[in-house]
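Please read the structure below before turning to the comments.
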Amino acid sequence: MPNPLPYHRKFDELNEEEKILLEINKKSIADFVEQSSLLSDVNYATRNVHAKTYAVINGEFVVSTPLPHELQLFFEENKFDLVIRFSNAKPIINSSKKEIPAYGFAVKIIDDKGSLIANYPLVNFPLFPVNSVSTFLKLFTSINQFYLKKWSHLPSLAAQMVKVIPSVLNGSFIKNTLHFIDKRNDFFLSFDFYSVGAYRMGDYMIKIKLKPQSVDKNFGKKLTTRKALEEYFSTNDYTADVLIQFCSDIKDQPINTLNAEWKNAPFIKIGEVNIKKNSLPNPRDCSNELLSFNPFESKPFFHPVGKIQKLREEAYKVSMQTRTKINKLLHG
């Protein structure tokens, strides 16, 4: 095991301009969620990203044995219950058969007393296109405003998208984009899933990767993603390796540079995610919108690390609060 660098809150600190932009962005999130049932083909308020739920299902996390001594204190049990949400990153839900395969695999880890240990919203692309907090906040706000007011905000959205271009023109991002394009028609569960940003593991800082075992990438080729998942779990179990990397050199494993992969950071297997074949509940059940996968609800020693990650704390809160308010009004 490498010699990890210790976590420090300096990695998370926002400057004054970024704090102001975050408040503007929070308002745009609330506005979007309030109108989301009108924007989507549903009768409830949705998330403003990863709005479409393919399935919510139970699983378990089985800890590897033996673990490095330094990690054993985080895993007092051998198994943990999971609640898992499969999703699409698109902010609206409609009946279109064509979807960008930008998938989410959000994991809620629960102890034997039913208490939350950690939330990990994972996605099937390992990098993030923006390192600048201000650029990201302006872009995210413009996207929300575009969906609400359409063409009047198109120039603003286009201007913010242009600013992103330089940060995606690097070897690591281009390589992963080409790989993603090559896999664009593959089955949901055949993808690897990533934390993208870093997380704490006690005083250490890590990234997470979920790598499936023996899933046919061509499964359900002629089915929609939702139908393919239903068909898969009617006859198959699912197992994926849980792998982590440690930050031991800030130059090779930068916390706030999300558009390039970490270097010289070998993956270490710490366990497996298992999902037994099962019937999936209704993905359009309004109760799914009351589930929160906010990683800042995790135990503090499993919190996200980094400035972009820090934005999630307020974004998740305002989205959840607004969804809950609207859905109680709509459905009691």
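Side-chain atoms are counted along with the backbone in the values below, which use heavy atoms only and exclude waters and symmetry mates.
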Under 3.5 Å, side chain of S195 to main-chain N/O of A198, donor-acceptor pair present?
no
Tell me whether Q72 contacts the main-chain N or O of L67 through its side chain, where contact means a donor paired with an acceptor under 3.5 Å.
yes
Using 30° and 60° as the class boundaries, would you call the ring planes of F302 and Y120 parallel, tilted or perpendicular?
perpendicular
May I ask you to check whether over 12 heavy atoms, not counting those of I100, lie within 6.0 Å of atom CD1?
no
Is there a donor-acceptor pair under 3.5 Å between the side chain of N170 and the backbone N or O of N259?
yes
Exam field: side chain S167 to backbone V164, donor-acceptor pair closer than 3.5 Å:
yes
Measure from the side-chain N and O atoms of D12 to the backbone N and O of G306, and report whether any donor-acceptor pair falls under 3.5 Å.
yes
Determine, step by step, whether T257 and N131 satisfy the side-chain hydrogen bond (donor to acceptor under 3.5 Å, both in side chains) criterion, reporting the C-alpha distance in whole Å, the side-chain angles of both residues, the deciding distance to 0.1 Å, and the verdict.
CA-CA 6 Å; T257 302; N131 294 324; 4.8 Å; no
Would you check if the side chain of Q253 reaches a backbone N or O of K263 as a donor-acceptor pair within less than 3.5 Å?
yes
Got a second to check how far R226's CZ is from E99's CD, nearest 0.5 Å?
8.0 Å
Can you confirm whether more than 12 heavy atoms, excluding those of K209, are under 6.0 Å from its NZ atom?
yes
Between the side chains of K276 and E60, is the shortest nitrogen-to-carboxylate-oxygen separation below 4.0 Å, so that they form an ion pair?
no
hydrophobic_cluster_shared for L229 and F191, side chain cutoff 4.5 Å
yes
Shared ILVMFWY cluster between V273 and F75, side chains joined below 4.5 angstrom?
yes
Check whether any side-chain heavy atom of I255 sits under 4.5 Å from a side-chain heavy atom of I250, and report yes or no.
yes
Under 3.5 Å donor-acceptor, S172 side chain and A260 backbone
no
Chi angles and distances behind the side-chain hydrogen bond (donor to acceptor under 3.5 Å, both in side chains) call for R85, T53
CA-CA 7 Å; R85 178 179 182 258; T53 300; 2.8 Å; yes
Calculate, to the nearest 0.5 Å, the distance between atoms CG and CG belonging to N58 and L82 respectively.
8.5 Å
Can you list every pair that meets salt bridge (Lys or Arg N to Asp or Glu O under 4.0 Å) and has a residue in residues 232-245, with sequence neighbours left out?
D241-K269
Sequence-distant partners of N294, side chain to side chain contact (heavy atoms under 4.5 Å, CB included), two or more places apart:
S292, F296, E297, Y316, K317
Validation row: L258, V130 side chains within 4.5 angstrom (heavy atoms):
no
Does D216 have more than 12 heavy atoms from other residues, nucleotides or ligands lying within 6.0 Å of its CG?
yes
Show me the donor-acceptor pairs within less than 3.5 Å that the side chains of residues 178-189 make with the rest of the protein, sequence neighbours left out.
from: K183; atom 1: NZ; to: D186; atom 2: OD2; distance (Å): 2.9
from: R184; atom 1: NH1; to: I181; atom 2: O; distance (Å): 2.7

Where S298 and N119 come nearest, the two heavy atoms and their spacing:
OG-N, 2.8 Å
Which of parallel (below 30°), tilted (30 to 60°) and perpendicular (above 60°) describes F74 and Y204?
perpendicular
Does anything in residues 136-146 form a salt bridge (Lys or Arg N to Asp or Glu O under 4.0 Å)? List the pairs, not counting sequence neighbours.
none
Partner residues of E18 under the salt bridge (charged side-chain N to carboxylate O under 4.0 Å, His left out) criterion, sequence neighbours left out
K307
Should S142 and S156 be marked as a side-chain hydrogen bond (donor to acceptor under 3.5 Å, both in side chains) after you check the CA-CA gap, both sets of side-chain angles, and the distance that decides it?
CA-CA 6 Å; S142 293; S156 174; 3.2 Å; yes
Do L22 and L137 come within less than 4.5 Å of each other through their side chains, counting heavy atoms only?
yes
Over all atoms of both residues, closest heavy-atom pair of P295 and P304
CB-CG, 3.5 Å
Hydrophobic clusters here meaning ILVMFWY residues chained together by side-chain heavy-atom distances under 4.5 Å, can you tell me if F136 and L21 are in one?
yes
Contact between R323 and R47 at the side-chain level, heavy atoms closer than 4.5 Å - yes or no?
yes
Residues pairing under salt bridge (Lys or Arg N to Asp or Glu O under 4.0 Å) where one sits in residues 164-178, two or more places apart or in two chains, turn out to be K175-E261
If you define the side chain from C-beta out and look only at heavy atoms, does anything of N124 sit under 4.5 Å from Y194?
no
Under the side-chain hydrogen bond (donor to acceptor under 3.5 Å, both in side chains) criterion, do N25 and T141 qualify, and how do the steps go?
CA-CA 5 Å; N25 181 248; T141 300; 3.0 Å; yes
In terms of hydrophobic clustering (I, L, V, M, F, W, Y; side-chain heavy atoms under 4.5 Å; direct or indirect links), are L122 and L243 co-clustered?
no
Distance, nearest 0.5 Å, that separates CG of N78 from OG1 of T65
7.0 Å
Ionic contact status for E13 with K310, cut-off 4.0 Å
no
S37 side chain vs Y44 backbone, donor-acceptor pair below 3.5 Å:
no
Looking at OG of S152 and CG of L157, how far apart are the two atoms once the value is rounded to the nearest 0.5 Å?
11.0 Å
Please round to the nearest 0.5 Å and tell me the distance separating atom CD of Q309 and atom CZ of R200.
13.5 Å
With heavy-atom distances below 4.5 Å as the criterion, would you say the side chains of P91 and N48 are in contact?
no
Mind checking the NZ-CZ spacing from K207 to F246? Nearest 0.5 Å is all I need.
14.5 Å
State, with a plain yes or no, whether a side-chain heavy atom of N264 is found less than 4.5 Å away from one of D249.
no
If you take the centroid of each ring, where Trp contributes its six-membered ring, are F105 and F193 closer together than 6.0 Å?
yes
May I ask you to check whether over 12 heavy atoms, not counting those of K217, lie within 6.0 Å of atom NZ?
no
Would you say CG of N15 has more than 12 non-hydrogen atoms from neighbouring residues, nucleotides or ligands within 6.0 angstrom?
yes
Under 4.5 Å between any side-chain heavy atoms of L210 and D192, yes or no?
no
Are V63 and F267 connected, step by step, through hydrophobic side chains (Ile, Leu, Val, Met, Phe, Trp, Tyr) whose heavy atoms are closer than 4.5 Å?
no
Strictly distance-based, threshold 3.5 Å: is any side-chain N or O of S319 a donor or acceptor partner for the main-chain N or O of A315?
no
Would you say the side-chain atoms of T322 pair up with the backbone N or O of V318, donor to acceptor, closer than 3.5 Å?
yes
